[in-house]
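So the structure is just underneath, and the comments pick up after that.
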Amino acid sequence: MTPSLAVMALVVLFPVLYAVYTSFQAYTRRQHEGFAGLANYQEVLGDSYFWDALWFTAVFTVTSVGAEFVIGLGFALIMNQGFRGRGVTRASILIPWVIPTVVAAQMWAFMFNVTPGFINSLFGLGDFNWLGQSGWATFAVVFADVWKTAPFAALLLLAGLQTIPAELYESARVDGAGPLQRFWHVTLPLLRPAILVALLFRTVEALRVYDLPQVMTGGAFGTESLSMAVRRYIVETPDPGLGSALSTLTFLIVLGVGVVFVSMIGKSVISEGSEER
Amino acid sequence: MKAREVRRSTAVLGALALVGLAGCTPGESSGGGDADGSGETEIVWAVGGARSQPGGANTRIADLWNEQNPDTPVRIEVLPEAADGAREQQALVLQAQGSEFDVLGLDVVWTGEYVENGWLASLEDVRPELEDDLLPGPLESASWGGELWGVPLNTNTGVLYYRTDLVDGPPQSWQEICDAGAIDGYHPYIGQGAKYEGFVVNWLELYWSAGGEIYNEDQSEVLFDPDLAAEVTTYMADALAGGCFAPGYNTAMEEESRNAFQQGDVVFMRNWPGPYALIEEDTESPAHGNTAVAPIPAFGDAGEGVAAIGGFNNAVSAFSEHPDLATEFIVWAATDMAAQEILAEDAVLPVLQAYYDEVPDDSLTAELGEILQSARPRPSVPQWSAISLAMQDALFPAYNGDADPAEAAQTVREFLDGTIER
């Protein structure tokens with residue numbers, strides 16, 4: 001084994017394997033009690049708490065990644081145009097992404113809060129309780145996430161846009177294609193690898209979201225994510241066996257989604273290569 | 001990446017890993033004893049929180065002890081500020097039966113867990129000398145299974161703030177809060193209603209004030225009354241939906257409720273005594289100069305309101321090599337007037353009865369001393385953190401109208417039944 005592989009194994013593989021090992025052990029108040037078999041998994045899968053967290057995580061991932069992709073693509077198309085002040089525009093679009101998540105979360109928690117209620121006074125909404133009711137609490141968390149990470153999606157997509165040769169647009173225009181047709185038949189197909197990479201990054205990150213809902217709602221009103229559930233069992237309750245079973249399941253979900261995306265990226269690269277020949 | 005770069009980054013990663021590993025191993029162990037050969041016996045006080053930082057009340061208490069006892073000095077081992085982090089570090093040492101820590105600073109609800117794990121030395125022997133001098137509530141918070149396992153250092157209690165320019169006096173019952181606070185342009189009440197431990201404390205104050213109990217005295221039997229719990233939760237649901245509880249109550253923690261009260265559009269607030277000084281300092285606030293503090297009101301016709309106790313206890317590690325000295329120190333910290341006054345200087349409530357006898361009758365401290373007489377701690381059972389989470393999961397949606405209060409109360413009852421080992 002090369003040294004780099006050894007270090008990777010030590011740093012990456014060990015914690016994962018240790019968590020899997022721990023998930024088969026029984027604990028009472030963090031005191032080890034022996035082998036538990038599949039009991040921890042049974043308990044997690046039979047607990048509505050797990051399914052609620054999974055549901056929120058899924059809703060959060062689909063809505064926030066979807067919105068980030070659409071907005072990010074819009075940003076990228078704007079930034080890809082040649083116009084005066086393009087540098088400033090690019091820089092300002094990236095500002096939200098630079099702010100640490102916890103800071104952004106605290107900021108949006110203040111903004112959505114009833115007291116002092118910046119958003120409510122801005123839009124004349126009175127005492128509307130964004131963070132204090134089901135549905136709207138999820139909306140606020142998703143909103144903050146989109147605000148923060150759409151620029152990141154834009155950055156990845158912009159990099160993809162810039163690899164598309166200008167001649168392709170020229171010849172499309174000569175062939176009489178309008179702006180929509182050029183976007184649909186030139187931009188989107190050639191942007192496919194960049195789109196998949198952006199979706200992969202954002203999806204995996206959204207699946208393990210922790211800090212945003214933790215700071216903004218503390219998990220109230222159905223905004224508890226899988227990572228927050230893991231923390232509950234490992235730090236708060238504490239039952240390392242149960243927590244490890246939960247984190248192993250979370251790991252498998254993230255891994256599964258990642259594998260699907262990576263295989264799609266691989267396919268798209270291969271098909272692109274064959275087209276070029 | 002070129003081969004040389006790979007080798008270099010591998011070396012860097014390897015070095016980082018080594019640094020990481022080194023960071024995990026405990027530093028120089030100071031298990032006490034005559035380690036440095038100077039004849040001194042050092043007591044290590046493992047305690048977290050802001051007051052253990054340089055200049056904080058705990059360090060000044062240690063300094064005072066060290067002046068009087070140069071041969072047996074106390075050294076503070078500063079643990080993380082957040083309670084979870086401090087508990088984690090203590091647990092690491094205690095699980096390994098390490099003698100590094102002599103005195104453990106404990107949050108009031110940890111006692112049961114530590115005792116059941118065999119981490120604490122019994123202090124039943126010193127109970128007689130404490131019973132006459134200390135406030136009863138804090139002393140109870142250091143007991144488990146009818147035995148004394150800790151000595152309170154400081155205490156804290158829930159109180160009701162009210163606006164003297166808007167109402168004539170403090171309300172006697174929770175229902176009165178909603179009636180008296182219904183003033184045009186004002187919200188009647190704010191407290192800690194967000195989904196966290198603070199909500200459980202607020203809920204328990206209502207439940208206790210309605211005459212409810214969780215366990216019997218030695219925590220061998222569950223006395224949780226689902227009907228009463230449902231009644232209390234229904235009151236909260238109605239008060240929230242009906243506008244008695246200010247909008248934002250269900251997302252408010254200590255700071256958020258203080259902000260709402262200090263902004264001036266709330267008549268009553270449940271909080272700890274700490275915010276009082278902040279409101280007094282804020283001359284811009286409508287509440288400034290118009291705020292007074294009263295006991296938590298009663299629920300229904302049960303008689304008396306009951307406040308929850310917060311605060312901090314000291315315990316002696318079961319693995320300490322100097323248990324007698326450690327005991328002497330923590331008893332001194334609770335009963336020595338000068339030590340307790342250091343806490344009061346930092347706006348922390350002392351546990352020494354004599355301190356409250358000295359202060360003028362009409363002062364805030366005298367009022368708080370009065371409230372503390374009937375205040376009580378959350379049960380310090382080993383499963384408290386799990387119980388608190390179970391109560392949050394069941395009762396929080398119920399008072400927010402997302403679940404049935406009676407079913408939620410039944411869920412809590414069943415969870416509590418499961419905590420009694422048969």
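A note on names: the letters A, B, ... follow the listed sequences, proteins ahead of strands, and every chain is numbered from 1. Predicted, not measured: the structure shown is a model, and the values here were computed from it.
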Region of [X] that comes under 4.5 Å of a non-hydrogen atom in chain A:
X        : result
B:Ala194 : neither
B:Asn250 : both
B:Tyr196 : neither
B:Asp265 : neither
B:Ala91  : side chain
B:Pro382 : both

Hey, could you give me the [atom1]/[atom2] distance between [X] and [Y], rounded to the nearest 0.5 Å?
X        : Y        : atom1 : atom2 : result
B:Asn400 : A:Gln133 : CG    : CD    : 9.5 Å
A:Arg232 : B:Asp393 : CZ    : CG    : 4.0 Å
A:Thr115 : B:Ile190 : OG1   : CD1   : 6.0 Å

Check the surroundings of atom [atom1] in [X]: do more than 12 heavy atoms from other residues, nucleotides or ligands lie under 6.0 Å from it?
X        : atom1 : value
A:Phe110 : CZ    : no
A:Phe35  : CZ    : yes
A:Phe201 : CZ    : no
A:Trp97  : CH2   : no

Could you tell me which of A:Phe221, A:Tyr49, A:Phe128 has the largest number of non-hydrogen atom pairs under 4.5 Å with chain B?
-> A:Phe221
Least distance between heavy atoms, B:Lys195 atom then A:Gly219 atom | NZ-O, 4.1 Å
For residues A:Ser134 and B:Asp402, report the shortest heavy-atom separation together with the two atoms involved.
-> OG-OD2, 3.1 Å
List the steps, then state whether side-chain contact (heavy atoms from CB on, under 4.5 Å) holds for B:Gln383 with A:Thr28.
-> CA-CA 10 Å; B:Gln383 307 90 339; A:Thr28 304; over 6 Å; no
Highest number of heavy-atom pairs under 4.5 Å with chain A: which of B:Arg87, B:Gln392, B:Glu256?
-> B:Arg87
Flag the one option from B:Gly401, B:Gly193, B:Ser385, B:Ser388 with the top tally of heavy-atom pairs under 4.5 Å to chain A.
-> B:Ser385
Can you say whether A:Asp127 sits under 4.5 Å from chain B via the side chain, the backbone, both, or neither, judging by heavy atoms?
-> both
Which bit of A:Tyr233 is near chain B, if near means a heavy-atom gap under 4.5 Å: side chain, backbone, both or neither?
-> neither
